[in-house]
2 protein chains.
Amino acid sequence: MIRNVTLAEVAREAGVSPSTVSRILNGTARVKDDKEQSVRRAIDRLGYRPNAFARSLATGASGSVGVLTQDIASPFYNDALSGIERGLMGSGYSPIIISGHWRTDEEEHAVELLLARRVEALIVLGGELPDDELRSLADRLPVAVLGRPLDLGSYGGASIALNNRQAARDLVTHLLDRGHRVIGHIMGLADQEDAQERLGGYREALESRGVAYVPSLVVQGDFREPSGLIGMQRLLAAHPDITAVFCANDQMAYGARLALYRLGIRVPEDVSLVGFDDLPGSCYTTPPLTSVRQPMEEMGQWLARFVLGRLLGEAVPPFEPKLELQLRESVASRRP
Amino acid sequence: MIRNVTLAEVAREAGVSPSTVSRILNGTARVKDDKEQSVRRAIDRLGYRPNAFARSLATGASGSVGVLTQDIASPFYNDALSGIERGLMGSGYSPIIISGHWRTDEEEHAVELLLARRVEALIVLGGELPDDELRSLADRLPVAVLGRPLDLGSYGGASIALNNRQAARDLVTHLLDRGHRVIGHIMGLADQEDAQERLGGYREALESRGVAYVPSLVVQGDFREPSGLIGMQRLLAAHPDITAVFCANDQMAYGARLALYRLGIRVPEDVSLVGFDDLPGSCYTTPPLTSVRQPMEEMGQWLARFVLGRLLGEAVPPFEPKLELQLRESVASRRP
DNA sequence: CTGTTAGCGCATTCAA
DNA sequence: TTGAATGCGCTAACAG
């Protein structure tokens, strides 16, 4: 609405040259105190705010790193976003966040936008962008990817992916240790790699204990609550003797929990339940849910540090995300 | 890493003038087909991407609207963010999101950053920014505020605030209707207006039914789960005869729920529980939680539309957010 | 220590 | 329909 004040106007108002004002703003060189004072006063008086665009244009540095997330309302990725925010804090860089909604076209558009805004680095949280595209991006700027087993090392990028299979195996092994033998699995979207890996871990755990894999003990879900509820109903219908269920994520476990509640089946006395992701709410469900925690926040922070490191030419110590089993009250030993 | 291709290079490669390329890019004027073709080819060949900064500098329009949220990981505001994203979609504007973490200094810094990035409008989600500051901002650009009862009308801004008091009154009246008389309240941060309003609604509901307000039935919380757990313990200690509890938000209700579970007190048979906000998870708690839904997503969408309207000089129909009571199984009639 | 000059990459006059 | 020239607001040499 109101035209913005420019540096030149400040200079005139203060009776100095534009460069002097610039120097004061950026601390590029020492300036006599009296001039500094009058410039600062002029800035206040005029309500001057530097134009980031002009600055970026002149310096060739945007001071921003692009973040491609999937859903700004996803509790899952948002922890990583917090971490990124924290990791960037105080670095002079700020994040520009865009959501791709797991749709390749939207993601590509988002990347275009970020590139147009001349982000100096890119952090990608999951998504469907083809590996090749990520690689060619990593060719142009520092790229860090979360949740995809992608080798970007030779391109100057980094990717951290979780060992979903291992974690799922640990979780199911825990159930086996507690004496469970009829263990159901509500799996995630079949075409998503995470879902496949978690299913794989489930199978491996069973096999390593010599428990037969029964296809009808696995039902399809879509990572959301309603599918957990339905999945649980189907499992109970097919296997009334089921004593434990491994849900491919916590959200589906919530749905499963509700299905059991509605049927008057107790957790964990009658059926034990485990999830995956350890959402913030999972220690406050009734009973608190056994799950496996992905250190999203730490991962986000590391991603930020990684790209900062590349930007500043510093080495960044590698990061070994640790999946931690969170053993809570939703699992009981099977009664003999 | 790799220097970016400029429009001038494209022009040279295509054998035309920079202005021609610009015209093609922006559709500012008709250009002969053959030139257009060769320019498009040059763009592809060189991998040219327009520099958003240079463009903004030249046009004076940034194409972005600033969004000040509080916590990028807050499920509460994130629904509004989704709405904003949706409301902006296809408008040519894109959001720049920064978190203020309910700290005035951080929020001010965030606003500085947004203003430096020359956002054309500002959307503020809650926060602690002084009203005056918001008003003076609304003086410079379109501003839309969520969750604060602030009159920005004369400044060309808009603010939508929820009638927290009314909703709280409805919720508590619902409990009274179900026969409850000893009703506790776990309140939010005492210095936050929402918390005060919800407490006010609680009192009003009681008084309108001639039920005495008992100070010891109100305990302090901070809007987070642990405080709900502790609050519930304290309420039970002071009032073993309590039959219902109104938590100032769902997160605290989750905590309260867990406290009851640990003590073997049943919900809703022994104690009824209600929350506030209707988080996505609240229909999947056991039992599902009675709460009041704030249409965050719709509000976000409206906020976006509002600032767009102001930007484009179009009128935007006013918005009347409706708080909807979500009656679920966490409330039972008091047994006679 | 400070002012002058010359771009940064693009859109947009104004002529042609 | 097109090109040349100018300026957006700022920083960074380069002189002084």
Side-chain angles (χ1 to χ4, degrees), chain A residues 2-40 42-43 46-64 92 112-113 115-120, chain B residues 2-40 42-43 46-64 92 112-120 140:
Chain A
I2 292 174
R3 209 183 45 73
N4 284 302
V5 182
T6 73
L7 179 146
E9 297 175 60
V10 173
R12 196 172 331 123
E13 174 88 7
V16 301
S17 80
S19 11
T20 300
V21 178
S22 170
R23 284 190 264 260
I24 293 177
L25 255 35
N26 304 300
T28 318
R30 271 218 66 73
V31 170
K32 273 243 186 77
D33 265 5
D34 57 331
K35 302 219 177 211
E36 164 137 15
Q37 294 313 323
S38 71
V39 167
R40 295 226 175 271
I43 288 180
L46 268 41
Y48 167 73
R49 302 166 189 283
N51 182 326
F53 295 150
R55 177 176 291 174
S56 298
L57 194 55
T59 58
S62 65
S64 51
E112 284 303 311
L113 219 101
L115 256 25
R117 276 173 163 37
R118 290 298 187 268
V119 296
E120 297 178 46
Chain B
I2 292 175
R3 209 183 45 71
N4 283 302
V5 181
T6 73
L7 179 146
E9 298 175 59
V10 173
R12 197 173 328 124
E13 174 87 7
V16 301
S17 80
S19 2
T20 302
V21 179
S22 170
R23 285 191 261 261
I24 292 177
L25 254 34
N26 303 300
T28 317
R30 271 219 66 74
V31 171
K32 274 245 186 73
D33 265 6
D34 56 330
K35 304 219 176 210
E36 164 136 17
Q37 294 314 322
S38 72
V39 166
R40 295 228 175 269
I43 288 180
L46 268 40
Y48 167 73
R49 302 162 190 283
N51 182 325
F53 296 148
R55 179 176 289 177
S56 298
L57 194 55
T59 59
S62 66
S64 51
E112 284 303 313
L113 219 97
L114 292 173
L115 256 25
R117 277 177 166 30
R118 290 296 185 267
V119 296
E120 296 178 45
R140 302 171 42 94

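A, B, ... follow the sequence lines: proteins, then strands. Residue 1 opens every chain.
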Problem - Flag, side chain of N51(B) to backbone of F53(B), donor-acceptor distance under 3.5 Å - result: yes
Handout entry: Below 4.0 Å: OP1/OP2 of dT11(D) and any side-chain N or O of S22(A)
Key = yes
Practice task
Grab the CG-C1' distance between L115(A) and dG9(C) for me, whole Å please.
Solution key: 16 Å
Practice task
Using distance alone, with no hydrogens and no angle criterion, decide if S22(B) and S19(B) have a side-chain donor and acceptor under 3.5 Å apart.
Solution key: no
Practice task
Tell me whether the OP1 or OP2 atom of dT2(D) has a side-chain N or O from T20(B) closer than 4.0 Å.
Solution key: no
Practice task
Select from P18(B) and A54(B) the residue whose nearest nucleotide in DNA chain C is closer to the 5' end of that strand.
Solution key: A54(B)
Handout entry: dG9(C) OP1/OP2 closer than 4.0 Å to side-chain N/O of T6(B)
Key = no
Handout entry: Heavy-atom check, side chain of P18(A) versus side chain of V21(A), under 4.5 Å
Key = no
Practice task
Round to the nearest Å and state the distance from E9(A) atom CD to dC10(D) atom P.
Solution key: 9 Å
Handout entry: Rounded interatomic separation in angstrom, taking CZ from R55(B) and P from dA11(C)
Key = 5 Å
Practice task
Take the protein atom CZ of R12(A) and the nucleotide atom P of dT2(C), then report the distance between them rounded to whole Å.
Solution key: 20 Å
Exercise for the section: For dG3(D), take OP1 and OP2 only and decide whether either is under 4.0 Å from a side-chain N or O of K35(B). Expected result: yes
Handout entry: Distance below 4.0 Å between N26(A) side-chain N/O and dT11(D) OP1 or OP2
Key = yes
Handout entry: Between dT2(D) (P) and E36(B) (CD): distance, integer Å
Key = 10 Å
Practice task
Round to the nearest Å and state the distance from R117(A) atom CZ to dC10(C) atom P.
Solution key: 15 Å
Completion exercise
By nearest-nucleotide position on DNA chain D, the 5'-leaning member of A58(B) and R23(A) is A58(B)
Exercise for the section: Determine, stepwise, if the pair V16(A) / I24(A) fulfils side-chain contact (heavy atoms from CB on, under 4.5 Å). Expected result: CA-CA 11 Å; V16(A) 301; I24(A) 293 177; over 6 Å; no
Exercise for the section: State which residue, out of V39(B), V10(B), I43(B), fulfils the side-chain contact (heavy atoms from CB on, under 4.5 Å) condition with L25(B). Expected result: I43(B)
Exercise for the section: Rounded to the nearest angstrom, tell me the gap between atom CD in E13(A) and atom P in dG9(D). Expected result: 17 Å
Handout entry: Base dA4(D) paired with S19(B) side chain (donor-acceptor, <3.5 Å)
Key = yes
Completion exercise
Whole-Å distance, L57(A) CG to dG9(D) C1', equals 9 Å
